[in-house]
Amino acid sequence: MEEKTIQIAGSITVDELSKSLGLSVTELIGTLFKNGIVATINQRLDFETASIILEELGLKNVKLERKNTSTKTSNYHRELSDKAVLRPPVVAVMGHVDHGKTTLLDTLLHKKTVDDEAGGITQHISAYQLKHNDRLITFLDTPGHEAFAAIRQHGAMLTDIVVIVVAADDGVKPQTVEAINFAKTANAKIIVAINKIDREGADVNRTMADLSQHGLQPEEWGGDIVMVPISAKQNQNLDQLLDMILLTADLEELKADVDIPAEGLVIESHMETGKGSVVNLLVTGGELKTGEFIVAGNTYAKVRTMLDWQGRPRGKATPSTPVTVTGFKELPSFGDRFEEAKDEKTARKMALLNAQAASDESASTNVTSSDLLRMMSTADNSKVFNVIVKGDVLGSVTSVVDSLKLIDTGGEITLNIVHTGVGDISENDVYMAAGDNTVIYGFNVNVPINISKMAARDGVPVRIYKVIYELIDDAKREMENLLEAEIVEEDKGAMKIKGVFRTEKTSIIAGGEVLDGDVKAGYLARVIQGKKQIGEAEVISVQMEKNKVDNLVAGETGGLALKTTSKIDLQIGDRLEFFTRESKKRTL
């Protein structure tokens, strides 16, 4: 039978899916109902949910395919005209945490940023420009901690060249490999900066060998990857690194059109008192000027103010230039593409159309795969961990949520993101969390005193963090508290019963020979008669020759006092198997 392909743009209604599959709506709704979902004919299903339902129906000749309608950066590429001009390269600096990425930029830019970041780890994407040999280079300083994988991936998608920083005294680490993979996925050129060559234990050749094991073959060894040994702290070989960046840019012939409407990417966005929405943009084409209208996702702006990376006002920005603008009606989404509109009416209409397209992909009112999988587990006794996440900027919120989703609980705990948002903890957040065992996590935000009192009154835990891995550790602890304790049993010994002196409803006095291990008060005992366990008891005391002793060991004979929960008919020849049982708190 010929295979049929169904394309889904974000989501599909039950009615549309039934028609595409050639099934009655009743049959499809029935299948959903069997899996715990009460759906209507107009209910929307996301791609993953539709795939799961297809499996449940056993339809082998039907294939689902994503129809891409996203306006995100990774799916957008403009064909250049013959009027395109050379532009500065956009360089992302990536690598393992504490390998010196931000120190490298500090030295290049003669500014100090590490101390501004909580825990000395870069928390946001920052964009800078510097001049070398009278030419501009745009740098993106992307976070290095594993929790910021989402931001770092967007960083790679914005990038022409990725400088991967590897410490010569530490070598290739998991985040180094992650950065290599992101750079390859983004089709960016790679340059390696082998940092900390001034340190004891630094070994450039060993580091190059490590990198070659991950597909980066140095030019010196016949490969095509430029590797520059540097010391960011000592300002050693940094000019050589910049020369290599410009040489790579020349070979790539990086160009952009300037006589087109301005366009580019949203790097970051947040709210500021007195300014409203403050949005960091990277211009990729055209010239962005103050006073112009631009659209990003489902919002638009008349560019009220525009500052360069040093906070200086500027009237226009050309391709590869990072700027900070104000004037957006709402916060645009991190990673969205922006484009210029000719007037406010056009901008408003474009934003509305984008919002309508996004609503087709929205999972907020749809049945998602996570909902379905949760409902399909009929024997699922998993517990739910409810969280609300508030952050200072959208990129932070995205990273916190993505990192929370990466916590592996073996399916025993379901993470439920009740709400996310940008800004300080609000009254509405506490209302949503009250009575639902919900934890509110704030990242780089504040809790007004009245809100703090309200949360305390309603018993809502509010946790504020400035370092993301501390937030994630807290969430892990909360999830661990929801895990069922692990019961651990350890075998201790065995005894053959040679005499039964007294049997009562909840106690037994008996004697026998210890066959192996030992027996002492506090041990539990399985009572084995023939091949069958007939009960369980606890050892209350141990005696040898009518004297109370601490324990009996293999080869010794003695008496036992046992406590039982119900009467056990213990017989001569039965076997007692001693063990301990303890409840251990589990960890993730």
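We're numbering straight along the sequence, starting at 1.
Other residues, nucleotides and ligands contribute more than 12 heavy atoms inside 6.0 Å of the CG atom of Asp210. Taking a 6.0 Å sphere around CG of Asp550, one finds it holds 12 or fewer heavy atoms contributed by other residues, nucleotides or ligands. Within 6.0 Å of the NZ atom in Lys184, the count of heavy atoms belonging to other residues, nucleotides or ligands exceeds 12. When the shell of 6.0 Å around CZ of Arg199 is examined, it contains 12 or fewer heavy atoms from other residues, nucleotides or ligands. Within 6.0 Å of atom CD in Glu484, 12 or fewer heavy atoms from other residues, nucleotides or ligands are found, so the atom counts as exposed in its surroundings. At most 12 heavy atoms of other shown residues, nucleotides or ligands fall within 6.0 angstrom of atom CD1 in Ile449.
Proximity of His99 to Asn195: side-chain heavy atoms (C-beta onward) are nowhere separated by under 4.5 Å. The shortest side-chain heavy-atom distance between Leu23 and Leu57 falls under the 4.5 Å cut-off. Between Lys585 and Asn481, the closest side-chain pair of non-hydrogen atoms falls below 4.5 Å. Taking the side chain as every heavy atom from C-beta outward, Leu576 and Val527 approach each other to under 4.5 Å. You'll find the side chain of Leu471 stays beyond 4.5 Å of the side chain of Arg463, heavy atoms only. Side-chain contact between Met495 and Leu560 is present, with at least one heavy-atom pair separated by less than 4.5 Å. Contact of the Asp569 side chain with the Thr503 side chain is not registered, since no non-hydrogen atoms from C-beta on lie closer than 4.5 Å. For the pair Lys405/Val401, a side-chain contact is recorded, criterion being any heavy-atom separation below 4.5 Å from C-beta on.
Taking all atoms of both residues into account, the shortest heavy-atom contact from Lys196 to Ala167 is CD-CB, 3.9 Å. Residues Asn551 and Val542 share a closest heavy-atom pair of C-CG1, 4.3 Å. Residues Gly442 and Ile425 come closest through the heavy atom pair CA-CD1, 4.2 Å. Considering all non-hydrogen atoms of both residues, Val430 and Ala455 come closest at CG1-CA, 3.9 Å. Gln543 and Lys546 get closest at one heavy-atom pair: OE1-CA, 4.0 Å. In this structure, Lys390 and Val397 approach most closely via the heavy-atom pair C-CG2, 4.2 Å.
None of Ile468, Asp392, Val467 except one satisfies the side-chain contact (heavy atoms from CB on, under 4.5 Å) rule with Asn444; the exception is Asp392.
Using a 30° and 60° split on the angle between ring planes, Tyr441 and Phe385 fall in the perpendicular class, above 60°.
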- Task: Would you sort out whether Tyr431 and Met454 count as a side-chain contact (heavy atoms from CB on, under 4.5 Å), showing the intermediate values?
- Result: CA-CA 9 Å; Tyr431 278 139; Met454 179 183 170; 3.5 Å; yes
- Message: One pair to check against side-chain contact (heavy atoms from CB on, under 4.5 Å): Gln217 and Ile225. What are the steps and the verdict?
- Response: CA-CA 6 Å; Gln217 198 69 17; Ile225 301 295; 5.5 Å; no
- Evaluate the criterion side-chain contact (heavy atoms from CB on, under 4.5 Å) for residue pair Val422 and Val393; output intermediate values, then yes/no. CA-CA 6 Å; Val422 173; Val393 292; 5.7 Å; no
- Message: For Asp574 and Ile528: C-alpha separation, side-chain torsions, deciding distance, then whether side-chain contact (heavy atoms from CB on, under 4.5 Å) applies.
- Response: CA-CA 6 Å; Asp574 288 351; Ile528 310 296; over 6 Å; no
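Under the rule for a side chain to side chain donor-acceptor pair (under 3.5 Å), Asn205 has no partner lying at least two apart in sequence or in another chain.
To the nearest 0.5 angstrom, Asp473 atom CG is 6.0 Å from Lys476 atom NZ. The CG atom of Leu570 sits 7.5 Å away from the CG atom of Leu562 when rounded to the nearest 0.5 Å. We find the CG-CD distance between Leu524 and Glu577 to be 13.0 Å, quoted to the nearest 0.5 Å. Taking NZ from Lys567 and NZ from Lys505, the interatomic distance works out to 10.0 Å, rounded to the nearest 0.5 Å. To the nearest 0.5 Å, atoms CZ (Phe443) and NZ (Lys466) are separated by 9.0 Å. Between atom CZ of residue Phe579 and atom CD of residue Glu536 there is a gap of 4.0 Å, rounded to the nearest 0.5 Å.
Looking at Asn386 and Asn416, their side chains do bring a donor and an acceptor atom within 3.5 Å of each other. Ser426 and Asp429 share a donor-acceptor pair across their side chains, judged by distance under 3.5 Å alone.
A donor-acceptor distance shorter than 3.5 angstrom exists from the side chain of Asp424 to the backbone of Asn446, with no hydrogens or angles considered. When atom types are taken as modelled, the side chain of Thr176 and the backbone of Lys173 share a donor-acceptor pair closer than 3.5 angstrom.
Between Glu582 and Lys584 there is no salt bridge, since no side-chain nitrogen of the basic residue lies less than 4.0 Å from a carboxylate oxygen of the acidic one. Ion pairing of Asp491 with Arg526 is present here, as a side-chain N (NZ or NE/NH1/NH2) and a carboxylate O approach within less than 4.0 Å.
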